[in-house]
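In what follows, residues are counted from 1 in the order of the sequence shown. Everything numeric in this text was worked out from a predicted model, so none of it was measured.
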Amino acid sequence: KIGDTWYHGLQNVVDRNRRNGITTILAPFSWEGGPLVGYTPSQTSFWTAFKGRLAQMAGQFKAQPDVWLEVWNEPYAWEPSKPTDPDVWLSDMKQMVDAIRGTGATNTIVVPGGRMAADEKVLLARGHDLLARRGALAATATMRRKPIAATQNPPRNAPAMPVQTP
């Protein structure tokens, strides 16, 4: 924060979106110029400072319910051989959500799934533990699928994603 001006004019973006009836989701994509994607939050060298920055952001936007705060963009390794540990995920998410809630912010908080948000297993395994006494939360699980080759024409009624049933 520099004086009363928020970094990168985020408040101006929020205000413009609000005038147009748009809810804004603020999502951290980098730290000091380096990407956040693929990292385990609590295992970074900047973990403590990052939580402080989340709290600072939450303090700026806490009285603005049309601003949702995402805690971290696409954390954890993508490789299937490196699954996200549900206990590590829960600890990381609790700490980030609590850093935001500690400011008095009641905004909806967006929390990602595992494996760069492409795996909902951690949400299903430990999401209920995260919800306890933490206010409005939304979860993301990015859906990825193998692209259809340009020469293939899927049937018009084909689902965008394969549907799995128990």
Is a side-chain donor or acceptor of [X] paired with a backbone partner of [Y] at a separation under 3.5 angstrom?
X: Arg18; Y: Ile22; answer: no
X: Trp68; Y: Val110; answer: no
X: Thr84; Y: Arg115; answer: yes
X: Trp89; Y: Pro112; answer: yes

Write down the atom of [X], the atom of [Y], and the distance for their closest heavy-atom approach.
X: Asn107; Y: Phe61; value: ND2-O, 3.0 Å
X: Gly113; Y: Pro75; value: O-CG, 4.3 Å
X: Ala58; Y: Thr103; value: CB-OG1, 3.6 Å
X: Lys62; Y: Gly104; value: CD-C, 4.3 Å
X: Val88; Y: Ser42; value: CG1-OG, 4.3 Å

What is the distance from atom [atom1] of [X] to atom [atom2] of [Y], rounded to the nearest 0.5 Å?
X: Leu54; Y: Glu70; atom1: CG; atom2: CD; result: 10.5 Å
X: Met57; Y: Ile100; atom1: CE; atom2: CD1; result: 5.5 Å
X: Met93; Y: Leu123; atom1: CE; atom2: CG; result: 9.0 Å
X: Met116; Y: Trp72; atom1: CE; atom2: CH2; result: 12.0 Å
X: Asn17; Y: Thr23; atom1: CG; atom2: OG1; result: 9.0 Å
X: Leu26; Y: Gln64; atom1: CG; atom2: CD; result: 9.0 Å

[X] side chain near [Y] side chain, heavy-atom distance below 4.5 Å:
X: Phe46; Y: Arg53; answer: no
X: Val37; Y: Asn73; answer: yes
X: Tyr76; Y: Pro41; answer: yes
X: Leu90; Y: Leu130; answer: yes
X: Asn20; Y: Arg16; answer: yes

Requested in this report: Quick one: list whatever passes salt bridge (Lys or Arg N to Asp or Glu O under 4.0 Å) with Asp85, sequence neighbours left out.
Outcome: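 Residues passing salt bridge (Lys or Arg N to Asp or Glu O under 4.0 Å) with Asp85: none at all.
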
Query raised in the report: Is atom CZ of Phe50 surrounded by more than 12 heavy atoms (other residues, nucleotides or ligands) closer than 6.0 Å?
Result: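 It does: Phe50 CZ has more than 12 such atoms within range.
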
Report task. Give the intermediate values and the outcome of side chain to side chain contact (heavy atoms under 4.5 Å, CB included) for residues Met96 and Ile109. Result -> CA-CA 10 Å; Met96 289 186 283; Ile109 299 173; over 6 Å; no

